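When reading the values below, keep in mind they use all heavy atoms of this one structure, side chains included, and skip hydrogens, waters and symmetry mates. A quick note: this is a predicted structure, and the numbers were derived from the prediction, not measured.
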Amino acid sequence: MKVTLKDGSQITVEKGARIIDVAAQISEGLARVALIARLNGTLVDLTREITEDSTLEILTFKDEEGRNAYRHTCAHVLAQAVKNLYPEAKLAIGPAIKTGFYYDFDLPSSITMDDIPRIEKEMESIIKADFPIERSVVTRKQAVTKMRGFGEIYKLQLIEDLPRGAEITLYSQGNYVDLCAGPHLMSTGKIKCFKLTQITGAYWKGNEQNKMLTRIYGTAFEKKSEMTEYLQAVEDAKKRDHNKIGRELEIFMTDELVGQGLPLFMPKGAKLLQILQRFVEDEEERRGYMFTKTPLMAKSDLYKVSGHWEHYKDGMFVLGDEAMDDEVYALRPMTCPFQYLIYKNGIKSYRDLPCRYSETSTLFRNEASGEMHGLTRVRQFTLSDAHIVCTPEQVEDEFKRILDLILYIEDCLGIRNEISYRFSKWDPKKKSKYINNPKGWNDTQALMKKILDDIGLDYVEADGEAAFYGPKLDLQASNVWGKEDTIITIQIDFGLAERFDMTYIDENGAKQRPMIIHRSSIGSYERTIAMLIEKYAGAFPLWMSPTQVKVMALTDRTTEKCTEVADALKKQGIRTEVDLRNEKIGFKIREAQLDKVPYMLIIGDKEAEAGLVSVRSRKSGDLGTMTLDAFCERVKKEIESFSLEN
RNA sequence: GCUGUUAUGGCUCAGUAGGUAGAGCACGUCCUUGGUAAGGACGAGGUCCCGGGUUCAAGUCCCGGUAACAGCUCCA
């Protein structure tokens, strides 16, 4: 048999040779690290035999697929251990995930982290026993009989869900048998090190109508050092958690008297928000946007026209009871309908388009109580929102302009590398969630795809993530917990212009239907600030630091001089604070460092006499003395260039 | 919303076995006038999240609520 390897080279093997033997034929070292293989494009176990001329790629822990098989096998070891310790436990599913693996169980009684050492110990002994892992292909009937025999009710449901004609395989190791597509390692002893990290609840099949099962998370590595490093990195990431340091740095707080998902911005946070808002609004104005300021609530009638009442009522804060014949109002969950009414105030000509309305818009969304998280998921937030009403021919150019603005803002914030792009489409199977106009969807999605491909954006497509009125380009970022959130979105709306009967008069005097693009530029200030806190661990770039310079007196002989210097800096527009307290300079510096103040100016008798300031940077420490003018120039240059260096 | 964990001075946390509470930091006063990440002394400060229950007695045990955290689900 001829086997073609990944590098193109060919080797000859005996018919029926197992892949592990082929690996050994290539090199002893490869056979040692081999985990699974890709045979003719399919992932298989190393025990699979070669029966025809084939292409073969041996996969190791360095390959994503190899790593997944390794961890998936570890999930089976976990399941075997749980079954040994809790024989009544029922198995659900147990896949590998990005950071490790999990397995879902239906347990007779709940377990806690205190039970973990026992389970880990049992896993150790399973690994030590080095059970060979065997794959067997069975008929549907055999699979059902076997799983029914074990009382594995969830596995039976999984078998039912398998499409007709699908190959059904069982994997066994010792006394443990699992319904599983594989592939797996050759034996349980191949697992070198693992750790169970968490126990939580999770719905069966991810559906909240179903029973809540017990999910045990874990991770596994080939080397202990790699695992320690990974666990340490997870710990370190948590130190950047905006929800922790955002409170410590007094950027925001919450209070149960106010309510869930309603953060209070403290002076530093409010300053940061103002800095970002001014930056965004100035840039938008430069790029041809007009600003509106519209009400935070409206009668339900408005949302009935827009379709939000039908598609989104549960997410709104409604005031007044329709059943009691009250006039019903609702806090606005979005800005669109308000700006559409402004557009409709007067007849629009094609000469008025594109019409770009922007608003720094406060919105209210009644998120479920378990969803709130720091500043990233809140019930009231402020979005840099805009709606561009344009002709169909202008959509492409406008879309590109929007993306250009967004990329500029990302660069200034220094977050461009943190962001990935998702093209969110509708799900034709869930028509009730969307405006039911398949042609509209297809046309708009095709247009959006063309634009994205033209720009050459690297994006992933996602079904069922669209807005109810059109497809979106979502800019996604992950937080320190590895959870992904939408930071910014651009949406092409083919539905609402019709609902609101928005028109423009074309060059021939005929009424036409415009297209609308919904977009944000910096996203919601809350969520973006959360992201910035985590990105910079609270040490914001100079241009957005709430306090840019702290002037501190060495002794009370220099208080006057310090005040003078601070006033001069403030006059230049540099955000400055003074520290005249009766404390040692080391103490004041320590406090300013912990506060992440970019620059500290220290003024003692020497400086006062020489007319200089002693400069310290939070990043590089003591920079020596210079004139105040020289310092000002340095700071201003850094601010104007949106430098991310300091 | 669901599962689990948690809730004690402004903050971070102790509190043993049910017997009305402690530390460090922060805060105030005083001493100290110090040169690039914590000088010293003294002092003030607590409805132990809220509401019920058990008990002679509840921060501690039980029930309900609220809020925070993690996961699930959701996120126009």
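Looking at heavy atoms from C-beta onward, A:Asp493 lies out of side-chain contact with A:Met515 at the 4.5 angstrom threshold.
When the nucleotides B:G34, B:C27, B:U66 are ranked by their closest atom to the side chain of A:Arg557, B:G34 comes out on top. The side chain of A:Met212 lies closest to B:C2 when the candidates are B:C72, B:U33, B:C2. Residue A:Trp481 has its side chain nearest to B:A70 when only B:C27, B:A70, B:C72 are considered. The side chain of A:Gln198 lies closest to B:G71, out of B:U33, B:G71, B:C2.
Here A:Ala466 lies in heavy-atom contact (under 4.0 Å) with sugar-phosphate atoms only. Base contact: A:Thr555 has a heavy atom under 4.0 Å from a base atom.
Scanning atom types as modelled, one donor and one acceptor separated by under 3.5 angstrom connect the side chain of A:Arg377 and the base of B:C75. The base of B:U73 lies close enough to the side chain of A:Glu371 for a donor and an acceptor atom to sit less than 3.5 Å apart.
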Exercise. Could you encode protein contacts along nucleotides 35-48 of chain B as a string, one character per nucleotide from 5' to 3', using B for base contact, S for sugar-phosphate-only contact and - for no contact, with a heavy-atom cut-off of under 4.0 Å?
Key: BBBBS---------
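Rounded to an integer number of Å, the gap from CD of A:Glu235 to P of B:A70 is 13 Å.
Under the 4.0 Å criterion applied to side-chain N and carboxylate O atoms, A:Lys606 and A:Glu609 are not assigned as salt-bridge partners.
For RNA chain B, runs of at least 3 consecutive pairs of the Watson-Crick or G-U wobble type, with both hydrogen-bonding distances under 3.5 angstrom, map to B:1-7 with B:66-72, B:10-13 with B:22-25, B:27-31 with B:39-43, B:49-53 with B:61-65.
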